[in-house]
Q: 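I am attaching a structure below and will ask some questions about it afterwards.
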Number of protein chains: 2
Amino acid sequence: MTDRARRIPEATVARLPVYLRSLAELHDDKIATVSSERLAEMAGVNAAKVRKDLSYLGSYGTRGVGYDVEYLSFQMSRELGLTHDWPVVIVGAGNLGQALANYGGFRQRGFPVAALVDASREKVGGYIHGVPVHHMDDLPELAADLGIAIGIIATPASAAQEVADALAAAGIRSILNFAPTVIAVPEGTSLRKVDLALELQVLSFYQEHRDTEGV
Amino acid sequence: MTDRARRIPEATVARLPVYLRSLAELHDDKIATVSSERLAEMAGVNAAKVRKDLSYLGSYGTRGVGYDVEYLSFQMSRELGLTHDWPVVIVGAGNLGQALANYGGFRQRGFPVAALVDASREKVGGYIHGVPVHHMDDLPELAADLGIAIGIIATPASAAQEVADALAAAGIRSILNFAPTVIAVPEGTSLRKVDLALELQVLSFYQEHRDTEGV
DNA sequence: CGGGCTTTGTGATCTTGTGCACGAGGGCGG
DNA sequence: CCGCCCTCGTGCACAAGATCACAAAGCCCG
């Protein structure tokens with residue numbers, strides 16, 4: 001196996017899940033092969049970009065024909081690390097944490113919610129939507145025992161940095177932050193964020209400028 | 001007033017809300033001025049980028065001193081269109097839609113949820129967390145009457161494109177899509193997306209590659 | 001009132017990402 | 001079995017974004 005010097009660009013990584021979803025749709029429709037053109041349309045990008053993105057995975061297409069849907073799905077899943085489950089822990093058992101625990105899409109897509117964690121002793125001990133609720137202090141042990149790789153921060157902004165530190169200390173190196181605040185993580189830890197207010201404010205900007213500046 | 005030929009880059013627009021949040025924090029702490037260095041640290045970016053970003057808004061800093069927190073906040077709010085409310089409509093009164101309707105952050109940040117809308121007649125008529133539930137068919141009328149500028153798609157993926165079309169038809173030109181699918185919108189409509197599964201899969205990629213390829 | 005210190009604002013440069021256009025390669029029909 | 005046609009893979013040129021480095025500009029202290 002040639003050690004592929006190719007480092008997949010960040011922008012490409014962010015698009016792979018979109019392609020994968022399109023491929024799943026094609027598979028459901030019993031479609032065996034797909035052209036970059038078609039895939040591009042489904043993913044909402046242009047065809048050249050699809051081909052370039054896929055070429056980072058390897059030469060899995062057939063000229064004159066297209067890509068084999070099933071084979072490409074497999075290769076892509078492998079590259080994305082989706083051939084096995086990644087248990088996640090949700091920190092914060094408030095409204096958001098509970099809603100997330102209740103969301104079936106996680107388990108279905110290979111991210112089972114192994115535990116909920118909260119700082120309040122009152123919430124600890126029971127189950128929420130079938131997920132056990134533990135105390136923050138037990139995080140390191142939980143992470144080790146349950147093989148948790150990903151932490152989801154669903155606390156108020158004020159607690160987010162503290163939680164991030166605790167996750168890092170528990171050896172968790174992938175963090176998804178829902179708290180509306182910037183947090184710092186150690187070198188080597190991946191951080192993604194979901195920020196509702198930010199998205200709305202960006203929309204507000206363009207809305208305002210549409211109104212104000214014509215066009 | 002020089003008609004500013006400067007078009008604010010997309011990347012900058014996406015950071016403005018982060019700066020604004022940092023400024024709000026400083027204001028709460030009764031801090032009157034802030035340097036680009038300090039602001040950069042709070043926003044998790046580098047100082048040169050802060051200065052360049054802020055320079056698109058105008059020359060609001062004072063050399064040797066920094067930026068006046070209150071004045072900069074005001075200018076930034078104005079630019080972002082946050083000096084007035086933007087009523088939003090949430091489409092889809094399922095789990096996600098209800099959870100979003102219940103989220104107080106919207107109103108607080110100037111995005112009051114004016115209505116929930118659903119395709120199912122059963123859900124129509126009542127109130128959820130104080131928000132009236134209407135039928136999809138009434139969308140155009142609602143949008144006009146309530147001055148709704150932003151639509152939030154909180155339906156299953158299968159309905160998302162249809163909803164986007166309906167929002168467009170109702171004259172709504174800013175859309176935030178929570179459904180895990182790619183949707184097309186007319187030219188001139190802003191679209192942002194929040195995609196949990198995608199974020200997790202990206203984390204999965206980096207997690208997998210950390211494990212596999214050392215580093 | 002002048003010199004030095006601080007911090008902004010921005011030109012220049014480098015990196016990353018996008019899109020085009022075309023050669024290469026493989027299937028398929030005759 | 002040959003040649004045509006289709007679609008991939010990729011080199012190249014361009015656009016967008018990040019970072020650096022420094023001159024310009026204002027405040028403060030003596």
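The structure presented is a predicted model; accordingly, all values stated were derived computationally and were not measured. Residue numbers start from 1 in every chain, and the chains themselves are labelled A, B, ... in the order their sequence lines are given, proteins ahead of strands.
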Q: Could you name each residue pair satisfying ring-ring contact (aromatic ring centres under 6.0 Å, His included) that touches residues 185-206 of chain A, not counting sequence neighbours?
A: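 Qualifying pairs: A:F205-A:H209.
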
Q: Does the separation of the ring centres of A:Y60 and A:Y71 fall below 6.0 angstrom?
A: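 Ring centroids of A:Y60 and A:Y71 are less than 6.0 Å from each other.
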
Q: Hey, is the main chain of A:A48 close enough, under 3.5 Å, to the side chain of A:N46 for a donor-acceptor pair?
A: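 Yes: the side chain of A:N46 pairs with the backbone of A:A48.
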
Q: Output yes when a side-chain donor or acceptor of B:S77 lies under 3.5 Å from a complementary backbone atom of B:S73, and no otherwise.
A: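 Between the backbone of B:S73 and the side chain of B:S77 there is a qualifying donor-acceptor contact (under 3.5 Å).
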
Q: Among residues two or more places apart or on two chains, list those pairs meeting salt bridge (charged side-chain N to carboxylate O under 4.0 Å, His left out) that have a residue in residues 194-206 of chain A.
A: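 Every salt bridge (charged side-chain N to carboxylate O under 4.0 Å, His left out) pair that includes a residue of residues 194-206 of chain A, provided the two are not neighbours, is A:D195-B:R21, A:E199-B:R192.
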
Q: Does anything in residues 55-75 of chain A pair up under salt bridge (charged side-chain N to carboxylate O under 4.0 Å, His left out), and if so which pairs, sequence neighbours excluded?
A: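 Passing the test, one end in residues 55-75 of chain A: no pairs.
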
Q: Between C1' on D:dC6 and CZ on A:R38, what's the gap in Å once rounded to a whole number?
A: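 That distance rounds to 17 Å.
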
Q: Would you say A:E162 has more than 12 foreign heavy atoms packed within less than 6.0 Å of its CD?
A: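 12 or below, so no.
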
Q: Does any N or O in the side chain of B:N177 come within less than 3.5 Å of the main-chain N or O of B:T181, such that one atom is a donor and the other an acceptor?
A: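 At least one qualifying donor-acceptor pair exists.
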
Q: Treating B:S174 as the side-chain partner and A:Q207 as the backbone partner, does any N or O pair qualify as donor plus acceptor under 3.5 Å?
A: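 Judged by distance alone, no pair lies under 3.5 Å.
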
Q: How would nucleotides 23-30 of chain D be written as a contact map, 5' to 3', with B for base contact, S for sugar-phosphate-only contact and - for no contact, using protein heavy atoms under 4.0 Å?
A: -BBSS---

Q: Without swapping roles, check the side chain of B:T62 against the backbone of B:V65 for a donor-acceptor pair under 3.5 Å.
A: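 Judged by distance alone, no pair lies under 3.5 Å.
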
Q: At the 4.0 Å heavy-atom cut-off to chain A, mark where contacts on DNA chain C begin and end, going 5' to 3'.
A: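 So the outermost contacting nucleotides come out as C:dG17 to C:dG27.
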
Q: To the nearest Å, give me how far apart CG (A:L57) and C1' (D:dC8) are.
A: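 To the nearest whole Å, that distance equals 14 Å.
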
Q: Atom pairs, N/O to N/O, protein against nucleotides 16-18 of chain D, distance under 3.5 Å?
A:
residue: D:dA18; atom: OP1; partner: B:R15; partner atom: NH1; Å: 3.4
residue: D:dA18; atom: OP2; partner: B:R15; partner atom: NH1; Å: 3.3
residue: D:dA18; atom: OP2; partner: B:R15; partner atom: NH2; Å: 3.1

